[in-house]
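A note on names: the letters A, B, ... follow the listed sequences, proteins ahead of strands, and every chain is numbered from 1.
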Amino acid sequence: MSPGRKLNLAFFQRPAIDLARDLIGTVLVRRLADRVLRARIVETEAYVGAHDKACHAYKGRTRRTEVMFGPAGRAYVYLIYGMYDMFNIVASTVDDPQAVLVRGAIPLDDWQIDLSGPGKLARGLAITRELNGCDLTGKELHLQSRPAGPPDILVTPRIGIDYAEEWKDSLLRFVDAAVGQRPGSRHGTKLKL
DNA sequence: GCGTCGATGGCA
DNA sequence: GCCATCGACGCG
């Protein structure tokens with residue numbers, strides 16, 4: 001894919017683990033009524049299907065998880081801890097509930113804001129549950145391919161899923177190596193791709 | 001710098 | 001009762 005182009009549906013129709021890795025370095029574009037916010041994605045996590053104990057779809061198909069069972073390239077946005085919206089991108093195909101949590105980004109265009117962490121990222125980009133199910137090749141929110149070449153990427157276990165038993169240590173978190181792990185995340189498990 | 005804890009509401 | 005979180009607070 002040539003640099004800086006809008007990512008199309010085919011980009012999202014892949015396993016979440018591949019999508020999560022390839023989303024690092026891409027640019028998230030949020031169009032609001034009066035301005036456009038852009039940010040480079042630096043941290044993601046893959047939730048790889050109904051067999052993944054950390055994936056919300058593990059509990060089955062419910063009103064909340066319905067979007068994950070639908071087509072790729074849609075937003076899955078849900079509320080956590082009563083106050084934070086989490087922004088996920090649906091991957092794979094219909095009836096295979098995989099998704100990628102977007103956990104961190106760097107603002108572009110001299111726009112100053114802290115987007116490190118999924119709660120802050122969603123808030124900073126004005127991504128709320130109103131966008132649940134929205135088409136990410138559409139107008140209010142879309143992605144652009146990497147402006148530059150592929151970055152070095154670290155792989156670590158996912159954050160905040162200690163309940164997920166044998167899945168809690170799976171290497172499904174991807175971080176731009178130039179940004180590194182942020183404070184509070186687990187150390188000692190970094191791997192170079 | 002690090003551990004602990006409360007906020008706050010939808011969900012199973 | 002549990003959470004795919006965050007920020008405030010206390011410590012020494």
Side-chain angles (χ1 to χ4, degrees), chain A residues 12 15-24 26 28 30 39 41-70 72-92 96-107 112-134 136 141 143 153-176 179-190:
Chain A
F12 303 101
I17 187 167
D18 297 329
L19 180 60
R21 183 191 59 231
D22 289 344
L23 280 167
I24 301 296
T26 64
L28 194 52
R30 174 74 167 115
I41 294 175
V42 297
E43 181 182 350
T44 60
E45 282 177 1
Y47 290 81
V48 299
H51 60 296
D52 176 359
K53 288 183 178 174
C55 183
H56 289 166
Y58 180 71
K59 302 249 170 79
R61 191 167 183 153
T62 68
R63 182 150 66 253
R64 181 175 67 155
T65 61
E66 182 65 27
V67 192
M68 268 199 286
F69 288 83
R74 311 288 255 269
Y76 168 44
V77 186
Y78 67 90
L79 183 70
I80 190 69
Y81 301 118
M83 58 187 105
Y84 297 109
D85 287 302
M86 300 281 105
F87 170 53
N88 300 251
I89 296 173
V90 176
S92 192
D96 180 23
Q98 301 196 32
V100 175
L101 172 64
V102 182
R103 292 187 55 90
I106 305 284
Q112 300 295 314
I113 195 167
D114 181 8
L115 302 175
S116 65
K120 288 187 284 189
L121 182 143
R123 184 165 24 120
L125 290 166
I127 297 172
T128 69
R129 282 163 290 161
E130 289 180 17
L131 289 180
N132 188 45
C134 97
L136 295 176
L141 192 55
L143 287 105
I153 295 173
L154 308 175
V155 188
T156 84
R158 294 172 290 183
I159 303 297
I161 55 152
D162 286 349
Y163 61 88
E165 303 177 21
E166 74 272 22
W167 284 91
K168 89 179 154 61
D169 296 318
S170 299
L171 298 175
L172 294 171
R173 174 171 171 258
F174 300 86
V175 184
D176 186 323
V179 175
Q181 300 187 313
R182 66 193 186 93
S185 56
R186 292 189 246 181
H187 294 278
T189 48
K190 305 185 204 178

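- Between the base of C/dA4 and the side chain of A/Tyr78 there is a donor-acceptor pair shorter than 3.5 Å.
- By the 6.0 Å and 45° rule, A/Arg21 does not stack over the aromatic ring of A/Phe174.
- Atom P of nucleotide C/dC6 and atom CE of A/Met83 are separated by 11 Å, given to the nearest angstrom.
- Protein atom CD1 of A/Ile89 is 19 Å distant from nucleotide atom P of C/dA4, rounded to whole Å.
- Using a 4.0 Å cut-off between charged nitrogen and carboxylate oxygen, A/Arg158 and A/Asp52 count as a salt-bridge pair.
- If you measure from atom CG of A/Leu101 to atom C1' of C/dT5, you get 11 Å, rounded to the nearest angstrom.
- Close to C/dA4, at under 4.0 Å from its OP1 or OP2, lies no side-chain N or O of A/Lys168.
- No donor-acceptor pair under 3.5 Å is formed between the side chain of A/Ser170 and the backbone N or O of A/Leu172.
- Separating the CG atom of A/Leu79 from the P atom of B/dT8 is a distance of 12 Å, rounded to the nearest angstrom.
- Within 4.0 Å of A/Gly82, counting heavy atoms only, lies at least one base atom of the nucleic acid.
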For DNA chain B, what is the dot-bracket line, given that a base pair needs Watson-Crick (N1 to N3, plus N6-O4 or O6-N4) or G-U wobble (N1-O2 and O6-N3) geometry with both distances under 3.5 Å, and | means paired with another strand?
-> |||||||.|||.
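- Straight-line distance from the CZ atom of A/Arg63 to the C1' atom of B/dG9: 15 Å, rounded to whole Å.
- Taking atom OH of A/Tyr84 as the reference point, atom C1' of C/dA4 lies 14 Å away to the nearest angstrom.
- Within 4.0 Å (heavy atoms only), A/Met86 reaches sugar-phosphate atoms of the nucleic acid but no base atom.
- Here the side chains of A/Thr128 and A/Phe87 are not in contact, with every heavy-atom distance at 4.5 Å or above.
- Residues A/Lys168 and A/Tyr163 form no side-chain contact, since every pair of their non-hydrogen atoms from C-beta on lies 4.5 Å or further apart.
- The side chain of A/Arg64 lies closest to B/dC11, out of C/dC3, C/dC6, B/dC11.
- Taking the side chain of A/Tyr81 as heavy atoms from C-beta on, and the options C/dC6, B/dG10, C/dC3, the nearest nucleotide is C/dC3.
- Of the candidate nucleotides C/dA4, B/dA12, C/dT5, B/dA12 has the atom nearest to the side chain of A/Thr62.
- Between the A/Glu45 side chain and the A/Leu101 main chain, no donor and acceptor come within less than 3.5 Å of each other.
- The nearest whole Å value for the distance from the CZ atom in A/Arg123 to the C1' atom in B/dT8 is 14 Å.
- In this structure, of C/dC6, B/dA12, C/dT5, it is C/dT5 that holds the atom nearest to the side chain of A/Arg103.
- Relative to the ring axis of A/Phe12, A/Arg74 does not place its NZ or CZ within 45° and under 6.0 Å from the centre.
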